[in-house]
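One structure is given below, encoded as structure tokens.
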Amino acid sequence: LPTAVNITWSSINFKTILQWQPKPSGYLYTVEIHGQTSDTKKKCILTAETKCDVTDVLRNVKETYTAHILSVKSSGMDNFEEPPFAASEKFTPYNQTVLGKPEIQNYTQKGSKLNVVFQDPLTPYTFPNGSFQSIRDIFQHDLEYKLYYWKDQSSGKKDATTKSHKFEVSVDSAKNYCFYIQGIIPSRRENRNGQESMVLCTSVGRSILDEYGAEVFIIIAVIAIAVITLAVVLSVILCKRKKAKAAREKEPLNGV
């Protein structure tokens with residue numbers, strides 16, 4: 001039977017999907033997850049799909065796993081026959097899962113201080129009481145966050161780092177600021193930086209000039225000058241015409 005190719009691990013916040021090719025024809029797949037110190041576990045048994053959610057069998061996130069994708073005959077197989085399989089690259093969730101986007105809960109710019117409060121991304125794993133664990137619950141002191149901020153309509157970025165859920169940075173009170181947050185695992189060699197949060201901007205003291213830019217005001221000023229000039233020219237022309245008409249009306253009387 002053909003064996004799987006292009007086997008890849010895709011993991012964000014410890015939700016882990018195994019994917020491979022090709023679509024089976026006349027046979028099915030079964031996934032086996034082999035840990036270095038844990039028992040082999042089977043997932044997606046006799047499936048015609050080419051992906052499998054293996055999150056729940058990777059709960060020991062510091063364990064290193066290998067996936068075997070078995071190719072199995074659709075009609076079943078002889079118990080003594082070992083099905084052909086393809087093996088994946090090794091995968092350690094703690095080192096390789098990607099940090100998802102932090103959720104910004106609140107932000108304020110008061111005077112010269114920008115305050116940002118955010119929330120850790122959640123994982124699929126739960127505590128005994130049923131509540132979901134966050135990435136902070138798993139990474140603990142290995143996790144930190146970085147705030148990137150800059151003056152609105154400027155390209156110069158500054159950054160600040162925290163291990164808590166909030167930032168407080170000094171800013172120019174006369175300017176608005178844009179920012180985003182990113183989780184970081186400094187101890188990692190790869191996948192150190194997580195996904196970036198959405199970009200948000202403050203609007204304290206935002207003027208019309210900040211909103212639309214100087215170019216728009218220049219255009220408006222040029223148009224206004226043109227209109228005023230046109231009005232003056234028309235007034236002069238109309239005034240001259242009235243004087244000329246009045247002069248023509250007086251000519252016959254002068255002749256008499």
Side-chain angles (χ1 to χ4, degrees), residues 8-17 61 92-125 131-225:
T8 57
W9 299 90
S10 175
S11 182
I12 300 177
N13 296 332
F14 296 101
K15 181 174 179 60
T16 305
I17 307 295
V61 296
T92 307
Y94 191 89
N95 296 332
Q96 293 174 262
T97 194
V98 176
L99 302 183
K101 299 178 181 181
E103 181 184 347
I104 297 173
Q105 293 180 301
N106 185 37
Y107 63 96
T108 57
Q109 183 180 340
K110 293 183 178 180
S112 61
K113 295 294 182 182
L114 172 63
N115 291 276
V116 182
V117 180
F118 62 94
Q119 187 175 30
D120 299 309
L122 298 178
T123 75
Y125 301 130
S131 62
F132 287 100
Q133 296 181 19
S134 70
I135 61 171
R136 187 186 299 272
D137 295 319
I138 295 176
F139 287 111
Q140 298 183 12
H141 296 296
D142 279 350
L143 173 67
E144 62 184 37
Y145 287 94
K146 187 163 283 191
L147 171 75
Y148 294 91
Y149 62 103
W150 60 96
K151 291 180 182 179
D152 195 4
Q153 300 182 355
S154 170
S155 58
K157 285 184 181 179
K158 294 183 179 181
D159 62 77
T161 303
T162 186
K163 286 184 176 290
S164 69
H165 289 103
K166 60 183 179 180
F167 288 95
E168 181 177 280
V169 294
S170 298
V171 295
D172 183 346
S173 59
K175 296 290 184 179
N176 291 302
Y177 281 78
C178 297
F179 61 90
Y180 66 85
I181 299 173
Q182 187 178 37
I184 298 175
I185 307 294
S187 61
R188 285 183 174 181
R189 293 183 179 179
E190 300 178 357
N191 294 328
R192 294 179 75 251
N193 298 332
Q195 296 177 340
E196 299 171 359
S197 73
M198 65 184 300
V199 175
L200 295 174
C201 299
T202 63
S203 58
V204 177
R206 192 176 182 88
S207 67
I208 298 177
L209 185 62
D210 293 328
E211 185 74 31
Y212 297 104
E215 295 84 357
V216 174
F217 282 88
I218 293 172
I219 293 171
I220 293 173
V222 170
I223 293 172
I225 292 171

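If you're wondering where the values come from, they're calculated on a predicted model, not measured in any experiment.
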Applying side-chain contact (heavy atoms from CB on, under 4.5 Å) to F167 and I181, what does each step give before you reach the verdict? CA-CA 10 Å; F167 288 95; I181 299 173; 4.1 Å; yes
Does the side chain of Q195 reach to within under 4.5 Å of the side chain of V98, using non-hydrogen atoms? yes
In the structure I gave you, are the side-chain heavy atoms of L143 and L99 within less than 4.5 Å of one another anywhere? yes
Write down the atom of Y177, the atom of D172, and the distance for their closest heavy-atom approach. OH-N, 2.9 Å
Between the OH atom in Y149 and the OG atom in S154, the distance rounded to the nearest 0.5 Å is 12.0 Å
Starting at CG of D142, measure out to OG of S187 and round the result to the nearest 0.5 Å. 4.0 Å
Run the side-chain contact (heavy atoms from CB on, under 4.5 Å) test on Y125 and N13 for me, step by step, so that the C-alpha distance in whole Å, both residues' side-chain angles and the decisive distance to 0.1 Å come before the verdict. CA-CA 10 Å; Y125 301 130; N13 296 332; over 6 Å; no
Could you tell me which residues satisfy side chain to side chain donor-acceptor pair (under 3.5 Å) with T162, sequence neighbours excluded, listed by chain and number? S164
Out of curiosity, E144 CD to R136 CZ, how far, rounded to the nearest 0.5 Å? 10.5 Å
Any side-chain heavy atom of L147 sitting closer than 4.5 Å to one from F118? no
Which residues pass the side chain to side chain donor-acceptor pair (under 3.5 Å) test with Y180, not counting sequence neighbours? K157
Is any side-chain heavy atom of T123 closer than 4.5 Å to one of F132? no
Measuring from D137:CG to F139:CZ, what's the distance to the nearest 0.5 Å? 11.5 Å
Tell me whether K158 at atom NZ has more than 12 heavy atoms from other residues, nucleotides or ligands lying less than 6.0 Å away. no
Name each donor-acceptor pair under 3.5 Å that joins a side chain in residues 100-115 to protein atoms two or more places apart or in another chain, with its distance.
| unit_1 | atom_1 | unit_2 | atom_2 | d |
| --- | --- | --- | --- | --- |
| Q109 | OE1 | T202 | OG1 | 2.6 |
| Q109 | NE2 | K175 | O | 2.7 |
| K113 | NZ | S170 | OG | 3.1 |

In Å and rounded to the nearest 0.5 Å, what is the CD1 to CG distance from I135 to D120? 5.5 Å
4.5 Å side-chain heavy-atom contact, Y145 and Q182: no
Go through it in stages, so that I can follow the logic: the residues are V116 and F179, the test is side-chain contact (heavy atoms from CB on, under 4.5 Å), and I'd like the CA-CA distance, side-chain angles, deciding distance and then a yes or no. CA-CA 9 Å; V116 182; F179 61 90; 3.8 Å; yes
Return the CG to OG distance between N176 and S203, rounded to the nearest 0.5 Å. 6.5 Å
Contact check, side chains of W9 and I17, non-hydrogen atoms, under 4.5 Å: no
Run the side-chain contact (heavy atoms from CB on, under 4.5 Å) check on R188 and Q96 step by step: do they pass? CA-CA 9 Å; R188 285 183 174 181; Q96 293 174 262; 5.9 Å; no
